[in-house]
Amino acid sequence: MSWMPATGSAAAEIAGAAGNAAMAWTPFQDPFEQAFSVEVPQGWKVRGGLFRMGFSDERPMVDLVSPDGRTNVRLGDVSIPTYTVPNAYHQREGEPYDLGAQAQLTVARYRTGPEFAVLYSHVRFYQDCRNAAGDAGGLGFTVPDYIPSEGPAPTASAGAIAYHCGSGASERIAFAYAKTSQAGGIWSVMTMGSFLSPPDQVAVARAVLLHCAQTFKLNPAWIEKQKQMDADALQYQRARQQRRRDDLGQQVRQFESQMQAMRNQVASFEKRQQAQADQVTGLTQALRGVTPTIDPFTGEAKEVWTGPSSNYWENGRGDVVNSVNAPQGNWIHMPVTGP
């Protein structure tokens, strides 16, 4: 994947929201490769950076938590890979498509921006926003492209989803925006932004997300370095396909070791944030159209086809029914363990 610096002036909505929030901003730089910088609110907890999964598989994410811990804003997401559509050799959605040191893809049919926003929101907010109801008031909000595509503009689709959940002190508004694009058999999420916030902090959450997207800047030196890595990736893949791995050279083997260290770092990041780890699994299950449950007769984990109702029932013979109420007979409820 190649990168180009973001261009364009700030939208009036961004300037107005940031001004209304009356915030002070401070720069945050990618701690791993110094690939980008972004302005974040002073006093907020910041996590993230550029997570590299391969020569051409780099995933930026900035995750922010307000000082009182009630608002979470996220730009990008390390759990979202690049996708490749199913083909004769890789037919199952959710299946990994391993390109070695070049990239880690996932097999999935193309999802439009609105479709992906819904799938993502179910996984992103599952733990914190149950029994959610649609909130149409948040759907007029869009996130600007912080990483424009290089070359001819690909076919793209954008959409958002907003939920209202909880009550009283636990009341929250959840929002997710996604813009997807497809070129040939490869598709990706170009722009991703989301937040979870109490109703009285929604304006602040929107302002923070917008400001981060607008001030996200790639380092020109890193862009040139990435172009060389993309070229190296093609050479690597040709050699890999010809089973001449020893011909790749010591430099590439060192890179593979460094890349594995980064993957381990991502795994450690996910371990510290269990919700993030659950999100990786949940996104794959959502793409496959399955829901994780517990078989009440064996106590073992069991995936079932996702239905319109939130309840699943099994009769002990392997039959599963998705309905609000239990069917007549010996049907036992199957606890759902994820989104």
Side-chain angles (χ1 to χ4, degrees), residues 1-5 30 32-36 48-61 76-111 116 147-152 154 180-192 218-270 280-281 283-284 287:
M1 180 185 301
S2 297
W3 301 71
M4 293 294 289
D30 161 38
F32 305 128
E33 297 187 18
Q34 292 72 55
F36 69 85
L50 185 94
F51 295 90
R52 181 171 293 281
M53 310 300 285
F55 280 100
S56 299
D57 187 353
E58 58 283 337
R59 309 177 191 179
M61 182 178 80
D77 201 307
V78 67
S79 71
I80 301 176
T82 298
Y83 297 95
T84 180
V85 298
N87 57 37
Y89 302 100
H90 299 276
Q91 301 180 11
R92 181 172 59 85
E93 286 202 302
E95 176 185 353
Y97 193 104
D98 188 0
L99 295 178
Q102 183 178 12
Q104 302 294 305
L105 310 183
T106 297
V107 177
R109 64 178 177 81
Y110 175 66
R111 261 61 170 203
F116 195 90
I147 305 178
S149 60
E150 183 180 9
T180 63
S181 66
Q182 182 176 16
I186 302 295
W187 65 279
S188 63
V189 183
M190 303 170 58
T191 303
M192 186 77 239
L218 290 168
N219 181 346
W222 180 88
I223 293 174
E224 294 305 311
K225 177 183 176 182
Q226 183 57 45
K227 289 179 180 178
Q228 183 58 52
M229 294 188 73
D230 288 334
D232 292 340
L234 297 177
Q235 179 182 351
Y236 163 84
Q237 199 56 236
R238 284 193 293 266
R240 181 173 182 260
Q241 292 175 359
Q242 294 171 8
R243 300 184 183 278
R244 291 190 290 107
R245 197 164 182 269
D246 291 341
D247 295 343
L248 297 179
Q250 181 65 26
Q251 182 178 0
V252 174
R253 288 196 292 273
Q254 289 176 350
F255 171 80
E256 286 185 321
S257 177
Q258 294 169 357
M259 184 196 66
Q260 186 57 51
M262 174 56 78
R263 289 178 182 170
N264 293 339
Q265 188 174 22
V266 172
S268 176
F269 180 86
E270 292 172 350
V280 176
T281 301
L283 271 176
T284 299
L287 288 168

Does Q104 use its side chain to pair, donor to acceptor, with the backbone of G100 at less than 3.5 Å? yes

Side chain to side chain contact (heavy atoms under 4.5 Å, CB included) test vs W222 passes for just one of M229, Q34, E33, namely E33

Where do S56 and D230 come nearest, in terms of heavy atoms and distance? OG-OD1, 2.7 Å

Could you measure the distance from the CE atom of M190 to the OG1 atom of T180? Nearest 0.5 Å is fine. 9.0 Å

Report the distance from atom CD1 of I186 to atom OH of Y83, rounding to the nearest 0.5 Å. 12.5 Å

Determine whether a donor-acceptor pair (N or O, by modelled atom type, separation under 3.5 Å) exists between the side chain of Q226 and the backbone of F55. yes

When rounded to the nearest 0.5 angstrom, what is the spacing between CH2 in W187 and CZ in R111? 6.0 Å

CZ of R59 to OG1 of T82, rounded to nearest 0.5 Å, is 7.0 Å

Correct closest heavy-atom pair for F36 and M61 would be CZ-O, 4.4 Å

Any side-chain heavy atom of P60 sitting closer than 4.5 Å to one from L50? yes

Does Q228 have any side chain to side chain donor-acceptor pair (under 3.5 Å) partners at least two apart in sequence or in another chain, and if so, which? D232

Looking at CD of Q102 and CD of Q237, how far apart are the two atoms once the value is rounded to the nearest 0.5 Å? 4.5 Å

Tell me every residue that passes side chain to side chain donor-acceptor pair (under 3.5 Å) with T191, counting only those two or more places apart in sequence or in another chain. D145

Does R92 use its side chain to pair, donor to acceptor, with the backbone of H90 at less than 3.5 Å? no

Gap between atom OG1 of T106 and atom CD of E93 - 0.5 Å precision: 10.5 Å

